[in-house]
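Structure, as structure tokens:
One-based numbering, in listed order, for ligands and for the atoms of each. Because the structure is a prediction, the values reported are computed rather than measured. Values below: every heavy atom of this structure, side chains too, minus hydrogens, waters and symmetry copies.
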Amino acid sequence: MSHDPSTPDDSDSRQDSPPASSGFGTRAVHAGQRPDPTTGAIMPPIYQTSTYVQPELGRHLGYEYARVQNPTREALEGNLAALEGGKHGIAFASGLSAIEAVMKTLSVGDHVVSEENTYGGTNRMFNKVLSRLGIRFSFVDSRDPDQVREAIRPETKLLHMETPTNPMMRLCDLGVMAEIAHEAGALLMVDNTFATPFNQRPLEVGADVVVHSTTKYLNGHSDVIGGALVVDDDALAEELFFVRKSTGAVPGPMDAWLVLRGTKTLHVRMKAHNANGMAVARFLEGHPAVEACHYPGLASHPQHELATRQMDGFTGMVSVELGSGERAKRFVDRTHLFALAESLGGVESIIGVPALMTHASVAPDRRAFMGVTDGLVRLSVGIEDEADLLEDLDRALKGL
Ligand code: P1T
């Protein structure tokens, strides 16, 4: 990149993105951005404006109205696209609004096959909002590709997968899901929020749409609600930009800027989350108060082989079964470093009980069927020191 933004003949060295062949960390720091052409500011300015003055009627500078275009948002979109290995990033006001935008490309009577163990809010949107509007859903356990195949109908337009799932840490084989979707003439959408592109890149194995709650690891600092889609196909991108423009769920420029600041350190943070996640999972797996520990990095995880093939790291998300709601309550009330809260993916460690918190909107019998019991505790392991995290958990588990 040039240090002189005014040099006229070095446009090649001031491209918005480093080459796609550059390493993940280089793309995380630089992709989508260039020094501000007016001042040379190394950070993209926060274009806190709703509209743009046009020099004359019928001629504008590429920017008309901020629901449609915003340079700060575009910088984030370029960055996210480069991280997922897609051509187009499309930023949204939340993870749910990003998923909803994909659903708004469908029509009444269209059918979606969805993994049953998604984030509870995703399940709620499908069951309680979109079903009312005439979109049909089948919920399957996508660990078993035959269940997915059997759910396909002539009207199936989309497969919605989450891997690892929230909170059971189940996986599906993304290559197989892409094959099933494409044989059916449907698209594969993958919620990559838990894994992050540092650990898993669904587009590389055939997915058509990657969705993120950028609220989580991508932003990483628990101070923004945001979402994004990444796609490779130009026509699909155009359709999704059209939906966003027409329905309006855009992130504000400040939030886009904060997420962009977060993604600059994604690779550094994820190495720490992966390492701490593994340490916490190993500790909890061996603890006598813990009945089961769900973490794809453990050899005991039933899909560990798939995890090592499909993922480069296993994140900081760990779930444990403690046997009863009472024991779960005592545990989460006694941790200090692990804060009792919804959400995940921030630098600080968080703990919660999905049945009462993130998945309270899922019908109790469905929750029980998936293993989201009252005794299940979910941990989002942060980047604090491992010894302090283990000490906090050990103390909270004593005498359970
Ligand atoms: O909260 P929002 O940015 O709208 O993202 C929704 C969402 C989508 N996908 C996954 C996998 C998620 O985990 C979430 C949000 N999840 C939580 C708030 C949570 O604590 O699990």
Side-chain angles (χ1 to χ4, degrees), residues 76 80 84 90-103 114-130 142 160-172 174 189-197 199-200 202 207 209-230 244 247 249-252 255-256 258-259 262-263 273 294 296 311 315-319 332 338-346 348-362 367 370 372 376-382:
L76 171 64
L80 296 177
E84 284 288 0
I90 310 164
F92 285 86
S94 66
L96 284 184
S97 63
I99 296 171
E100 189 196 15
V102 178
M103 297 296 155
S114 171
E115 159 58 38
E116 61 184 6
N117 174 214
T118 58
Y119 165 56
T122 305
N123 184 277
R124 178 177 57 200
M125 173 177 25
F126 291 175
N127 267 321
K128 301 201 171 142
V129 180
L130 296 171
S142 62
H160 174 71
M161 295 296 143
E162 209 179 276
T163 180
T165 64
N166 180 356
M168 295 308 295
M169 306 303 287
R170 295 173 174 181
L171 310 185
C172 66
L174 288 173
M189 156 148 91
V190 178
D191 189 328
N192 206 28
T193 298
F194 265 39
T196 82
N199 288 323
Q200 172 174 280
V209 185
V210 169
V211 60
H212 277 282
S213 168
T214 57
T215 313
K216 314 299 191 251
Y217 284 114
L218 294 187
N219 176 57
H221 294 77
S222 305
D223 49 14
V224 163
I225 297 287
L229 301 173
V230 179
R244 188 185 64 179
T247 56
V250 290
D255 284 356
L258 282 167
V259 177
T263 56
H273 283 295
H294 309 288
M311 303 175 76
T315 91
M317 298 306 297
V318 182
S319 292
V332 303
F338 280 83
L340 177 59
E342 306 229 0
S343 205
L344 60 111
E348 61 287 300
S349 291
I350 282 181
I351 197 164
V353 177
L356 298 182
M357 299 166 75
T358 53
H359 291 68
S361 63
V362 179
R367 277 203 311 258
M370 292 183 291
V372 184
L376 187 83
V377 173
R378 190 188 75 180
L379 299 96
S380 170
V381 183

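Side-chain atoms of Thr215 come within 3.5 Å of backbone N or O of Gly226 as a donor-acceptor pair. Side-chain N or O atoms of Asn199 include one that pairs as donor or acceptor with a backbone N or O of Ala195 at under 3.5 Å.
Between the side chains of His212 and Glu84, at least one donor N or O sits under 3.5 Å from an acceptor N or O. A side-chain donor from one of Glu115 and Ser142 sits under 3.5 Å from a side-chain acceptor of the other. Checking Asn117 against Glu162 by side-chain atom types alone, no donor-acceptor pair falls below 3.5 Å.
Taking any N or O of Leu96, backbone or side chain, at least one lies under 3.5 Å from an N or O belonging to ligand 1. Checked against a 3.5 angstrom limit, the closest N/O atoms of Asn166 and ligand 1 fall inside it. Taking distance alone, with nitrogen or oxygen atoms compared against 3.5 Å, Gly95 approaches ligand 1 more closely than that limit. For Thr358, no nitrogen or oxygen atom sits less than 3.5 Å from a nitrogen or oxygen atom of ligand 1, counting backbone and side chain alike.
Of the protein's non-hydrogen atoms, Ser213 OG, 3.0 Å is the one closest to atom 5 (O) of ligand 1. Among protein heavy atoms, atom 10 (C) of ligand 1 sits closest to Asp191 OD2, 3.5 Å. Residue, atom and distance of the protein heavy atom nearest to atom 1 (O) of ligand 1 are Lys216 NZ, 3.7 Å. From the protein, the heavy atom lying nearest to atom 14 (C) of ligand 1 is Tyr119 CD2, 3.4 Å.
Residue contacts with ligand 1: Gly227 is excluded, as none of its non-hydrogen atoms falls under 4.0 Å. Under the 4.0 angstrom criterion for non-hydrogen atoms, Gly226 is in contact with ligand 1.
Among all heavy-atom pairs drawn from Ala360 and Arg367, the shortest one is O-NH1, 3.4 Å. Between Ser361 and Lys128 the shortest heavy-atom distance is O-NZ, 3.6 Å.
The side chain of Arg378, and not its backbone, has at least one atom closer than 4.0 Å to an atom of ligand 1 (non-hydrogen atoms only; side chain from C-beta on). Only the side chain of Glu162 comes within 4.0 Å of ligand 1, judged by heavy-atom distances.
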Next on the checklist: Phe126 vs His160, test: ring-ring contact (aromatic ring centres under 6.0 Å, His included). Steps then yes/no.
Outcome noted: CA-CA 11 Å; Phe126 291 175; His160 174 71; 5.4 Å; yes
